[in-house]
Protein chains: 2
Amino acid sequence: MDADWDDLKTVLALVRHGTLAAAGADLGVSYTTVARRVQRAEQALGEKLFERLADGYRPTDTARLVADYAHRMESEQTTLLRKIQGRDRRLSGKLVITAPQLLIGPYLAPVLDQFTRIHPAVDLQIRATNDLLDLNRREADLAIRIHDSPGDALIGVRLCAQQRASFASTEAAKRIERDPAAPIPWLVFADRPEIPKAAQDRCPNGRVRMVFDDMAALLGAAQAGLGVVRIPFFLGRSTPWLVQVPFLPPEPYPDVWAVAYDDIWRSAKVAAFRTLLVPHFRARRQDFVA
Amino acid sequence: MDADWDDLKTVLALVRHGTLAAAGADLGVSYTTVARRVQRAEQALGEKLFERLADGYRPTDTARLVADYAHRMESEQTTLLRKIQGRDRRLSGKLVITAPQLLIGPYLAPVLDQFTRIHPAVDLQIRATNDLLDLNRREADLAIRIHDSPGDALIGVRLCAQQRASFASTEAAKRIERDPAAPIPWLVFADRPEIPKAAQDRCPNGRVRMVFDDMAALLGAAQAGLGVVRIPFFLGRSTPWLVQVPFLPPEPYPDVWAVAYDDIWRSAKVAAFRTLLVPHFRARRQDFVA
DNA sequence: GCAAAGACACGCGTTTTCGCGCGAACCCGC
DNA sequence: GCGGGTTCGCGCGAAAACGCGTGTCTTTGC
């Protein structure tokens, strides 16, 4: 009664995904191999781990127990890999940065350009996403996030404080200035589909004209003059044909952070990147507030 | 940068043993395989893990780090295996009992006999040793130990309290009774090579005649009439040709315990064994004290 | 009621891994 | 200085693991 560690890993993947094919894809092997390894694990442990059903493998209680401990082993492994990576003093190899899509173009690109010139041996990869990538699973080494705090077990530095304000196309902004009493058509983002309170106080005639679930589309609509959007200063200022609607008040917005796991934060590549990143944002901090 | 779990296991074994051959023997594979897996692990991690020396592999700091975390993964695995084994409700398969060598013959044998008759499907294995086997590494399921407390993370039950006293061959005992003032020749065990204080008070003329490092040899010498030994009651009473030297006082001695890991303690096979073991010792508890 | 899709079982050919044997380098004791 | 023992490196044949293709069953949607 002793099991191959990779077989335990396979059981974990199968419990997670439910089907041989999905587990195999996760592990990077064919589903046939998953089936064989599970069979071997069942034999080694002397316990039935799955019920073979037409729509997938259903884990038994024992399999859940195995998966639980395999998950702990996996955690140990990822921590190990982080520590090794953090001890890496070489300025070569892969470095994965993740950042909000719309921050990359106007603000991160110069840093990236400079970094690759100084450290050509580093294989720099950018993951542009608004989702929070799981740094623990090493989906990225360093994350630039717009959040109130660095979060869980992460270490980080605040790159700059932020505010947001109302922006609209030049013509739309002029129209509002000419007739402040007219109803303002708001374009809002899906996660908070209401009109900001401070703006509503100033202009009670506001109404939500459309709701978007994509920031780029929202900006496009604003550029086309469809209405007023409430976005961070950096975004409004770096988007062509948008101007701030002056008398609508700015309001607080989460700050910009650079965060990473403690070990990786101190690694050579991340440290080198930070020496460029932090001054760059600090020099432009006035772009992010009123 | 992602490593096979079995490769990490191999690095752990190699750090532990220092040479390819020893690590291979531990893992049950050839040393060639160990060398190959280590090479693969180094490539996967992008770090040098060992310095190849003429007399073995010397681990780098990174390898020690890997071994540290692989050790944690191993701990998770052994805990898992214990839990699975503990959930096993079947009265079949392997059951490993360890007990002090000299307790087995006179006291454990009847229990073993009875158990194998009632549960013939259980593959009962006895490990007779005075060393403490590592229950955590699953070297044994249930241990019968002579100790003051069950110890670390173990659960257990006290089978009986114990005392020890002085025993000698019939003739030697008579000789002492006839002439209490004559010098008593003691045969003592190597871990405590001194004459017990209480006995020395009664018979100040005692002297250490020989020191033994093996209990069976010590008993043999006592049986041959070479001197007086200080042993637990059960041992003196179950050894032929030995009698208690009456006026030398008994003294305390560690109790007899049955101990196991919590999970395994409740497993079906261990529980079944306990239902025979405990009453057996309880019924004979007077054999262990004056 | 029937077609399409998803999921598993099984068998076959291929790739990878493993163990063995030989030779070289080194340490140790004499 | 010189054998004996131990350890590692390398190449080859055997064995195990792997991926792919096919067939069967079940579910789902029309």
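In what follows, chains carry the letters A, B, and so on, assigned in the order in which the sequence lines appear, proteins first and then strands, with residues in each chain numbered from 1.
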Gap between atoms [atom1] and [atom2], on [X] and [N] respectively (whole Å):
{"X": "A:Glu42", "N": "C:dA9", "atom1": "CD", "atom2": "P", "value": "10 Å"}
{"X": "B:Asp4", "N": "D:dA17", "atom1": "CG", "atom2": "P", "value": "14 Å"}
{"X": "B:Phe50", "N": "D:dT7", "atom1": "CZ", "atom2": "P", "value": "16 Å"}
{"X": "A:Arg52", "N": "C:dG6", "atom1": "CZ", "atom2": "P", "value": "23 Å"}
{"X": "A:Gln39", "N": "C:dG11", "atom1": "CD", "atom2": "P", "value": "12 Å"}
{"X": "B:Leu53", "N": "C:dC27", "atom1": "CG", "atom2": "P", "value": "9 Å"}
{"X": "B:Glu51", "N": "D:dC8", "atom1": "CD", "atom2": "C1'", "value": "15 Å"}

Testing the basics here: between [X] and [Y], what is the closest heavy-atom pair and its distance to 0.1 Å?
{"X": "A:Lys48", "Y": "A:Thr62", "value": "O-CB, 4.3 Å"}
{"X": "A:Ala216", "Y": "A:Leu102", "value": "N-CD1, 4.4 Å"}
{"X": "A:Val66", "Y": "A:Leu8", "value": "CG1-CD2, 3.8 Å"}
{"X": "A:Leu65", "Y": "B:Lys83", "value": "CD2-CB, 3.9 Å"}

### Task
Answer yes or no: side-chain N or O of A:Arg36 and base N or O of D:dG19 forming a donor-acceptor pair under 3.5 Å.
yes
#### Entry: Within residues 5-22 of chain A, residues whose heavy atoms come under 4.0 Å of DNA chain C
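Heavy-atom cutoff 4.0 Å gives A:Thr19, A:Leu20, A:Ala21.
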### Message
Would you compute the distance between atom CD1 of A:Ile144 and atom CD1 of A:Ile104 and round it to the nearest 0.5 angstrom?
### Response
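The CD1 atom of A:Ile144 sits 8.0 Å away from the CD1 atom of A:Ile104.
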### Query
Is the shortest side-chain N/O distance from A:Thr33 to OP1 or OP2 of D:dG19 below 4.0 Å?
yes
#### Entry: Phosphate OP1/OP2 of D:dA17: any A:Arg40 side-chain N/O under 4.0 Å
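Answer is yes, contact under 4.0 Å.
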#### Entry: Residue mapping more 5' on DNA chain C - nearest nucleotide basis, A:Gly56 or B:Val29
A:Gly56
### Contact state string [nucleotides 21-30 of chain D, B base, S sugar-phosphate only, - no protein heavy atom under 4.0 Å]
BB---S----
### Query
Hey, are A:Asp88 and A:Lys269 close enough for a salt bridge, meaning a charged N less than 4.0 Å from a carboxylate O?
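The answer is yes: the pair qualifies as a salt bridge.
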### Message
Quick test of your reading of the model: are A:Arg64 and A:Asp68 salt-bridged, counting only N-O distances below 4.0 Å?
### Response
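No salt bridge links A:Arg64 with A:Asp68.
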### Message
For A:Phe50 and A:Tyr57, take the angle between the two ring planes, folded into 0 to 90°, and tell me which bin it lands in: parallel under 30, tilted 30 to 60, perpendicular over 60.
### Response
tilted
### Query
Do other residues, nucleotides or ligands put more than 12 heavy atoms under 6.0 Å from the CD atom of A:Glu51?
yes
